[in-house]
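Here the structure is laid out as structure tokens; the discussion comes afterwards.
In this text the structure is predicted, and so the values were computed from the model without any measurement.
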Amino acid sequence: MWPRFEQVTSRDVLERLPFLDLPFDRYGMDPYGISRHHLGLFMTLLEGFYKHYFRVRCFGLEHIPKTGAGMLVGNHSGGIPADGGMIVASLFFSLNPPRAVHGMVEKFAQEWPFVSQWFNRVGQLPGLPEHAIRLLHDGRLLMVFPEGARGLGKLYKDRYHLSHFGTGFMRIALQTGTPVVPFAFIGGEEAMPTIFHAKRLARIVGAPYWPVPPYLLPFPLPLSCEIHYGKPMHFEGTGNEPDEVVEGYVEQVKSVINLLVTRGRAVHEQRRSGANLSEPTP
């Protein structure tokens with residue numbers, strides 16, 4: 001005797017799901033295999049973290065395209081991908097009407113049983129260029145962390161220092177004519193301050209690292225976080241430009257994200273001190 005979908009899905013999620021920009025069929029599936037049922041349960045889980053655990057505040061939501069393709073590009077941090085979950089939640093709970101955003105999942109996570117299937121059912125797909133290109137051609141939103149696992153696993157002493165950005169996302173943005181929306185996720189470094197990596201545990205579970213905070217349990221603390229979205233950036237090209245041209249575009253995006261991080265950290269300190277929050281985004 002399993003509980004009905006409506007009994008395990010929050011009221012806010014049930015009210016927002018019909019307005020989500022996903023073409024569910026009569027069976028509750030979209031062309032990418034996303035399940036309305038799974039997505040509802042996933043958003044109900046994220047809701048608790050978004051609204052109450054991390055108490056996320058968003059700035060610059062007006063920069064998110066109302067319709068059509070967009071590539072959300074930002075910093076990666078916090079030991080575990082809570083930042084990605086909060087980005088997904090922000091566009092579902094704080095944007096009207098809500099929009100779905102697809103993440104590109106690291107290869108190692110696709111090898112974990114059960115987890116990989118759930119990722120697919122909620123729209124987080126394997127990080128292959130062909131998947132990204134198809135999603136953007138179909139007018140979807142794509143979430144990209146160019147630092148990859150390097151950024152997610154950075155130690156607390158290196159907090160908010162951006163790691164090397166790959167160039168693949170920019171070539172895809174150029175090829176598909178997609179605007180890049182930069183963002184900064186602030187608070188993840190403090191919520192889970194990684195002090196070292198347990199390499200043996202990482203090898204056992206098949207992960208690139210195993211984050212260890214001062215309190216040992218690899219789970220973030222319930223500290224407030226913020227997301228700062230910047231203005232869309234448009235680049236001209238086909239994706240076949242020389243490396244130095246693409247790298248120059250990437251550096252432009254990285255510099256804007258750095259600025260968002262710097263301004264975001266100032267706002268974060270204001271919020272922690274109880275000051276009134278008001279922050280313009282570039």
Side-chain angles (χ1 to χ4, degrees), residues 2-74 81-105 115 117-125 131 135-136 138-145 178-179 181 183-188 220 222 224-230 232 277 281:
W2 295 97
R4 293 172 54 195
F5 175 65
E6 293 79 5
Q7 294 175 321
V8 292
T9 308
S10 80
R11 178 180 300 178
D12 197 7
V13 172
L14 288 174
E15 291 176 351
R16 287 180 169 275
L17 271 177
F19 299 99
L20 194 62
D21 58 332
L22 292 179
F24 292 119
D25 61 19
R26 57 186 292 191
Y27 302 106
M29 302 292 291
D30 99 327
Y32 287 90
I34 303 171
S35 160
R36 183 178 182 274
H37 176 87
H38 287 76
L39 190 60
L41 297 178
F42 182 56
M43 288 301 178
T44 299
L45 173 64
L46 289 184
E47 182 178 11
F49 286 99
Y50 182 73
K51 295 181 178 180
H52 307 295
Y53 195 84
F54 293 122
R55 305 182 302 283
V56 178
R57 292 286 300 273
C58 290
F59 299 87
L61 280 169
E62 67 274 12
H63 299 314
I64 304 297
K66 297 296 183 184
T67 59
M71 184 182 290
L72 311 184
V73 180
D83 49 4
M86 294 304 97
I87 296 296
V88 171
S90 73
L91 301 194
F92 185 84
F93 293 106
S94 297
L95 193 66
N96 292 308
R99 292 205 66 182
V101 58
H102 304 272
M104 297 284 96
V105 181
V115 174
Q117 182 180 4
W118 260 91
F119 276 148
N120 290 332
R121 287 289 182 260
V122 299
Q124 310 309 303
L125 306 176
H131 289 164
L135 285 164
L136 294 172
D138 284 348
R140 307 284 182 110
L141 290 179
L142 187 67
M143 174 176 58
V144 178
F145 295 101
T178 301
V181 180
F183 70 84
F185 184 81
I186 307 297
S224 61
C225 297
E226 294 87 39
I227 303 171
H228 300 261
Y229 293 105
L277 290 182
T281 52

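Taking 4.5 Å as the limit, some side-chain heavy atom of R140 sits within range of a side-chain heavy atom of L22. Looking at F183 and D83, their side chains never come closer than 4.5 Å, going by heavy atoms from C-beta outward. Proximity of P81 to F145: side-chain heavy atoms (C-beta onward) are nowhere separated by under 4.5 Å. Side-chain contact between F92 and V13 is present, with heavy atoms from C-beta onward closer than 4.5 Å. When side chains are defined from C-beta on, R121 counts as touching M29, because their heavy atoms get closer than 4.5 Å. Between D21 and L141, every side-chain heavy-atom pair lies at or beyond the 4.5 Å cut-off. In this structure the side chain of V73 never reaches within 4.5 angstrom of the side chain of V181, judged on heavy atoms. Between P220 and F49, every side-chain heavy-atom pair lies at or beyond the 4.5 Å cut-off.
Residues P31 and P23 come closest through the heavy atom pair CD-CG, 3.7 Å. In this structure, R55 and H52 approach most closely via the heavy-atom pair CG-O, 3.3 Å. Closest approach of G188 to C225, counting heavy atoms only: N-SG, 4.1 Å. P18 and E15 get closest at one heavy-atom pair: CD-O, 3.5 Å. Across every non-hydrogen atom of Y229 and H63, the tightest pair is O-CD2, 3.2 Å.
M43 contributes atom CE, which lies 11.0 Å from atom OH of Y50 (distance to the nearest 0.5 angstrom). Atoms CG and OG, from L45 and S10 in turn, are 11.0 Å apart once rounded to the nearest 0.5 Å. Interatomic distance, L135 CG to M143 CE, rounded to the nearest 0.5 Å: 11.5 Å. Taking CE of M71 as the reference point, atom CG of L142 lies at 5.0 Å (rounded to 0.5 Å). To the nearest 0.5 Å, the span separating CZ on F185 from OG on S90 amounts to 9.5 Å. How far CD1 of I34 is from CG of L125: 6.5 Å, rounded to the nearest 0.5 Å.
Applying the side-chain hydrogen bond (donor to acceptor under 3.5 Å, both in side chains) test to R16 and every residue at least two apart in sequence or in another chain returns D12, N96. Take T44 and apply the side-chain hydrogen bond (donor to acceptor under 3.5 Å, both in side chains) test, not counting sequence neighbours, and it matches no residue. Applying the side chain to side chain contact (heavy atoms under 4.5 Å, CB included) test to R36 and every residue at least two apart in sequence or in another chain returns F5, L17, F24.
When atom types are taken as modelled, the side chain of Q124 and the backbone of V101 share a donor-acceptor pair closer than 3.5 angstrom. H38 places no side-chain N or O within 3.5 Å of a backbone atom of V122 that could act as its donor or acceptor partner.
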